[in-house]
Amino acid sequence: MSNTSNTLHAPFRNDVVGSFLRPRELKNARQQFAEGKISAEELRAVEDRLITELVKKEKAHGIHDFTDGEFRRAYWHLDFMWGLQGVEHIELEHGYQFHGEETTKGSVALTGKISGENHPFVKDYLFVKQFEEPGFVARQTIPAPAQFLAELFRGDNTKNTRQFYPNDDELIEDIAAAYRQVIRQLYDAGCRNIQFDDCTWGMIIDKDYWGAMAGKGFTLEGEATRYLKVNNLALQDKPEDLVINTHICRGNYHSCFASQGAYDPVAPYVFAQEHVDAFYLEYDDERSGGFEPLRYVPKDKKVVLGLITTKSPVLEDKETIKQRIRKASEFFPFEQFCLSPQCGFASCEIGNKLTEEEQWAKVDLVREIAEEVWH
């Protein structure tokens, strides 16, 4: 599994999750657009220029599956959902409650049945695709279908969702069909590398989550079954040469986290049964538990160990990371591993608490360790 033998088959030995810190100029332009001071075309021109600069940096730092850094988004997930038909942008009374901070308050509401035609992310992907060259492939990151399903039942959203979808079966079918539409549009645009970002698995292994859900009739088995079903339905009939990987996260907002808990309870579902090609897994601290659940991952898939944190500028000790890779290889084949940070550097516009220079130092550390481990 070399970095350049097949540019279509991410993950690569040294990898990233996809989002990067937004430059001050970009934040200012988005604020000016929100205030009506510049046009959508003027904002897009700024985004285009800064994304072009970012892609050059990604390549220079050895990232072989580059992204647009999610520079056109406010959130890692909601902007994609707002681009689906039958979905509108709303603001809730409260954001997500992270450990140490509450997020901004964006969410979704349904205005009708869900479908996926004419998704705006296809245009965004085409801009990035122009920078492909031998050894470098453009990747599109989107929230997992399960994440959208979960968002539709967040807080007061349940009442709105049930107006259009009284039962889960039709809702799950429509979400999956909408995703299949978007996946086909991306594929027809030339995309061969998609990543599902998914916090649902981290959510349902967290004891605080179940404390909040007490008495509501939900079970881990029931939720895991729903999330697995919608994700796999979305992956149904995907083209053979399209790689779809998933990133499993416990929340990443301004260097705070949302949930904690080992993978053990959900491994028999997501690791053993989700039909993705690779798993990008958060493993940067004790909140993720041990490596034993990796036994559930089929041996023909790949696992990207997220051992480097994006939540802190402090550089990890190389030998400690190498030891952890060796430990993980007790439960999954060493040659099927790759290395990355545990999450993106800016899952939302606000970004994590480190500088751009510190961000690239983390990227370089991943590359250096990977080269030394899999030389």
Side-chain angles (χ1 to χ4, degrees), residues 18 67-68 70 72-90 106-126 128 139-155 157-201 203 223-240 242-249 270 273-277:
T67 72
D68 64 3
E70 302 180 1
R72 303 190 199 275
R73 307 186 210 179
Y75 299 88
W76 62 276
H77 57 328
L78 297 176
D79 299 68
F80 175 85
M81 298 173 194
W82 297 331
L84 295 168
Q85 303 296 318
V87 181
E88 68 174 353
H89 175 173
I90 63 168
S107 189
V108 302
L110 297 184
T111 60
K113 296 294 187 180
I114 300 161
S115 63
E117 59 268 19
N118 303 316
H119 200 285
F121 273 33
V122 179
K123 179 182 177 183
D124 296 344
Y125 168 76
L126 282 168
V128 181
R139 168 175 35 164
Q140 181 64 51
T141 63
I142 61 177
Q147 195 72 46
F148 182 37
L149 178 62
E151 189 69 26
L152 290 171
F153 293 95
R154 176 180 160 208
N157 289 353
T158 299
K159 185 177 179 182
N160 165 263
T161 300
R162 287 304 186 207
Q163 287 181 358
F164 298 96
Y165 292 97
N167 69 76
D168 277 359
D169 290 339
E170 186 185 357
L171 174 60
I172 286 172
E173 290 287 347
D174 278 8
I175 290 173
Y179 267 79
R180 290 195 298 269
Q181 283 180 288
V182 178
I183 289 168
R184 174 50 69 172
Q185 291 166 53
L186 287 166
Y187 182 83
D188 290 344
C191 183
R192 296 297 182 269
N193 187 8
I194 294 173
Q195 177 179 303
F196 283 174
D197 291 318
D198 200 343
C199 283
T200 59
W201 304 102
M203 179 176 72
E223 294 301 277
T225 300
R226 290 168 78 230
Y227 296 150
L228 181 66
K229 180 179 180 181
V230 72
N231 284 348
N232 278 343
L233 278 174
L235 293 164
Q236 217 169 47
D237 303 321
K238 80 173 180 72
E240 193 172 323
L242 173 62
V243 171
I244 301 184
N245 303 321
T246 192
H247 165 240
I248 298 177
C249 182
V270 62
Q273 300 182 65
E274 189 162 302
H275 300 154
V276 291
D277 297 291

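Nothing fancy with the numbering, it's 1 onward along the sequence.
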For this session: Not counting sequence neighbours, which residues clear side-chain contact (heavy atoms from CB on, under 4.5 Å) with Ala177? List them please.
Result: Arg180
Exercise. Can you check whether Ala146's main-chain N or O pairs, donor with acceptor, with Thr200's side chain at less than 3.5 Å?
Worked result: no
Exercise. Could you go step by step and tell me if Leu171 and Phe164 meet the side-chain contact (heavy atoms from CB on, under 4.5 Å) rule?
Worked result: CA-CA 9 Å; Leu171 174 60; Phe164 298 96; over 6 Å; no
Exercise. Under 3.5 Å, is there a donor-acceptor pair linking the side chains of Gln195 and Asp197?
Worked result: yes
For this session: Indicate yes or no for a side-chain donor-acceptor contact from Tyr75 to the backbone of Gly106 under 3.5 Å, with no hydrogens or angles considered.
Result: yes
Problem set entry | Gap between atom CZ of Arg72 and atom NZ of Lys123 - 0.5 Å precision | 8.0 Å
Problem set entry | Side-chain heavy atoms of Asn231 within contact of Trp201, under 4.5 Å | yes
Exercise. Taking the six-membered ring where the residue is Trp, are the ring centres of Phe148 and Phe196 under 6.0 Å apart?
Worked result: no
For this session: Would you confirm whether Gln185, through its side chain, and Gly116, through its main-chain N or O, come within 3.5 Å as a donor-acceptor pair?
Result: yes
Exercise. Taking side chain as C-beta onward, heavy atoms only, is Asn157 less than 4.5 Å from Ile90?
Worked result: yes
For this session: Taking side-chain contact (heavy atoms from CB on, under 4.5 Å) as the test, write out the residues that go with Gln163, two or more places apart.
Result: Asn160
Seminar exercise, completed: In this structure, OG1 of Thr141 is separated from CH2 of Trp76 (nearest 0.5 Å) by 10.0 Å
For this session: Sequence neighbours left out, what pairs pass salt bridge (charged side-chain N to carboxylate O under 4.0 Å, His left out) with at least one residue falling in residues 226-239?
Result: Asp168-Arg226, Asp169-Lys229, Glu223-Arg226, Lys238-Asp277
Exercise. For Gly18, does its backbone N or O pair with a side-chain atom of Thr67 as donor and acceptor, under 3.5 Å?
Worked result: yes
Seminar exercise, completed: Taken in chain and number order and not counting sequence neighbours, the residues that satisfy side-chain contact (heavy atoms from CB on, under 4.5 Å) with Glu170 are Lys113, Tyr165, Asn167, Asp174
Exercise. Considering all heavy atoms of both residues, which atom of Ala150 and which atom of Tyr227 are nearest to each other, and what is their separation?
Worked result: CB-OH, 3.8 Å
Problem set entry | Rounded distance (nearest 0.5 Å) linking atom CZ of Phe121 with atom CZ of Arg73 | 4.0 Å
Problem set entry | Pairing residues for Glu274 by the salt bridge (Lys or Arg N to Asp or Glu O under 4.0 Å) criterion, not counting sequence neighbours | none
For this session: Supply the atom-to-atom distance Ile183 CD1 to Leu235 CG, rounded to the nearest 0.5 angstrom.
Result: 6.0 Å
For this session: Using the test side-chain contact (heavy atoms from CB on, under 4.5 Å), find all partners of Thr225 that sit at least two apart in sequence or belong to another chain.
Result: Glu221, Tyr269
Problem set entry | Least distance between heavy atoms, Arg192 atom then Tyr125 atom | N-OH, 4.5 Å
Problem set entry | Derivation and outcome, side-chain contact (heavy atoms from CB on, under 4.5 Å), residues Asn193 and Val243 | CA-CA 5 Å; Asn193 187 8; Val243 171; 4.3 Å; yes
For this session: Give, for atom NE2 of His89 and atom CG of Asp79, the distance between the pair rounded to the nearest 0.5 Å.
Result: 8.5 Å
Problem set entry | Interatomic distance, Leu152 atom CG to Leu110 atom CG [nearest 0.5 angstrom] | 5.0 Å
For this session: Start with the C-alpha gap between Val182 and Leu84, add the side-chain angles, then the distance that decides, and say whether side-chain contact (heavy atoms from CB on, under 4.5 Å) holds.
Result: CA-CA 9 Å; Val182 178; Leu84 295 168; 4.0 Å; yes
For this session: Step by step, work out the side-chain contact (heavy atoms from CB on, under 4.5 Å) result for Phe80 and Gln147.
Result: CA-CA 11 Å; Phe80 175 85; Gln147 195 72 46; over 6 Å; no
